[in-house]
Amino acid sequence: MKETNRRRHVGRIAALSVAAAGVLASMTLPAQAADGMSADQIMADCASGVGKCTFNDPKIGKAFLGNQRRVSDELHNCSSSDATQTLSWSDTVGSSDSAGVTISAGGKIAGIIDVSVQASYSHTWSSSHSETSSLTVTVKPGEVGWVSRAQAMQNISGTWQTHYDSPKAGHYYWYLPDTVTGPAPNGTDGVHNAVVVKTRPMTATEKKSCTTRQVKAFRVAR
């Protein structure tokens with residue numbers, strides 16, 4: 001009888017030891033975001049410094065030209081002859097990741113990516129690019145003209161790694177694959193920023209508004 005009790009006691013200790021080892025292993029093994037931590041939580045912890053984060057194994061994709069967007073006021077020509085005017089323009093292009101998180105210039109996230117890119121590619125990475133200039137625009141009668149610009153862009157793919165001093169959602173380490181899209185230097189991979197003049201016919205409402213104007217050409221705010 002005593003021998004039977006002793007065996008049961010040893011069995012319970014062994015079972016508890018296995019369970020404890022399983023808990024410890026689950027806390028030390030890396031976990032993906034889908035296992036219980038959202039991508040937003042991981043990125044927020046990286047941004048705040050709660051999680052000690054690195055952006056591992058960055059891979060820079062080929063440069064491509066981003067979407068055209070209006071960067072100046074509009075020039076409306078209400079006259080019967082061509083209207084020419086110099087329009088000032090300005091454009092700031094930022095970065096965002098595959099989860100839709102905006103990466104602000106000078107922020108902790110941008111700094112982590114820059115350190116990773118420098119270590120792997122020996123050049124800096126910028127989360128934002130700003131540019132200003134002016135362009136002379138000629139608009140035909142009854143048309144609207146403006147300056148449009150497209151920025152050279154690049155994707156950087158990698159994996160966020162967060163390390164916590166105490167387990168969070170059961171793990172010390174969390175991993176999040178991510179792709180960051182941001183501005184590339186002009187001319188990267190033969191892709192150049194594009195600044196163009198665009199025009200379109202006035203709408204009926206815009207034509208009607210011309211009758212209240214005393215000038216033959218005017219600008220409206222963006």
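Computed over heavy atoms, backbone and side chain alike; hydrogens, waters and symmetry mates excluded. Please read all numbers here as calculations on a predicted model, not as lab measurements.
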Separation between CG (L135) and OG (S88), nearest 0.5 Å, reads 10.0 Å
Please answer: with hydrophobic residues joined when any side-chain heavy atoms are less than 4.5 Å apart, are V115 and Y121 in the same cluster? no
Do NZ/NE/NH1/NH2 and the carboxylate oxygens of E74 and R200 come within less than 4.0 Å? yes
Test side-chain hydrogen bond (donor to acceptor under 3.5 Å, both in side chains) on T102 and S96; report intermediate values, then the result. CA-CA 4 Å; T102 300; S96 62; over 6 Å; no
Can any side-chain N or O of S120 pair as donor or acceptor with the backbone N or O of S116 at less than 3.5 Å? yes
Name all pairs fulfilling the salt bridge (Lys or Arg N to Asp or Glu O under 4.0 Å) condition that reach into residues 189-199, sequence neighbours left out, sorted by first residue then second. none
Enter the distance from Q85:CD to N77:CG here, rounded to the nearest 0.5 Å. 10.5 Å
Taking atom OG of S157 and atom CG of D97, what is their separation to the nearest 0.5 Å? 11.0 Å
Report whether I103 and I60 are members of the same hydrophobic cluster (ILVMFWY, side-chain heavy atoms less than 4.5 Å apart, transitive linking). yes
Determine which pairs satisfy salt bridge (Lys or Arg N to Asp or Glu O under 4.0 Å) with at least one residue from residues 164-173, sequence neighbours left out, and list them in order. D45-K168, K52-D165
Rounded to the nearest 0.5 Å, how far does OG1 of T179 lie from CD of Q154? 13.0 Å
Once rounded to the nearest 0.5 Å, what's the spacing between atom CD of E143 and atom SG of C78? 12.5 Å
Partners passing ring-ring contact (aromatic ring centres under 6.0 Å, His included) against H192 (at least two apart in sequence or in another chain): none
Please evaluate residues I156 and V117 with respect to the criterion side-chain contact (heavy atoms from CB on, under 4.5 Å), reporting the C-alpha separation (whole Å), side-chain torsions for both, the decisive distance (0.1 Å), and the verdict. CA-CA 9 Å; I156 302 177; V117 170; 4.0 Å; yes
Report yes or no: does S95 contribute a side-chain atom to a donor-acceptor pair with the main-chain N or O of S127 at less than 3.5 Å? yes
side-chain contact (heavy atoms from CB on, under 4.5 Å), paired with S98, selected from N155, L176, T181, D178: D178
With under 30° as parallel and over 60° as perpendicular, where do the rings of Y173 and H163 fit, or are they tilted in between? parallel
If you round to the nearest 0.5 Å, how far is CD1 of I42 from CG of D40? 9.5 Å
Hey, mind stepping through M153 and V93 against side-chain contact (heavy atoms from CB on, under 4.5 Å) and telling me if it holds? CA-CA 9 Å; M153 305 289 285; V93 179; 3.7 Å; yes
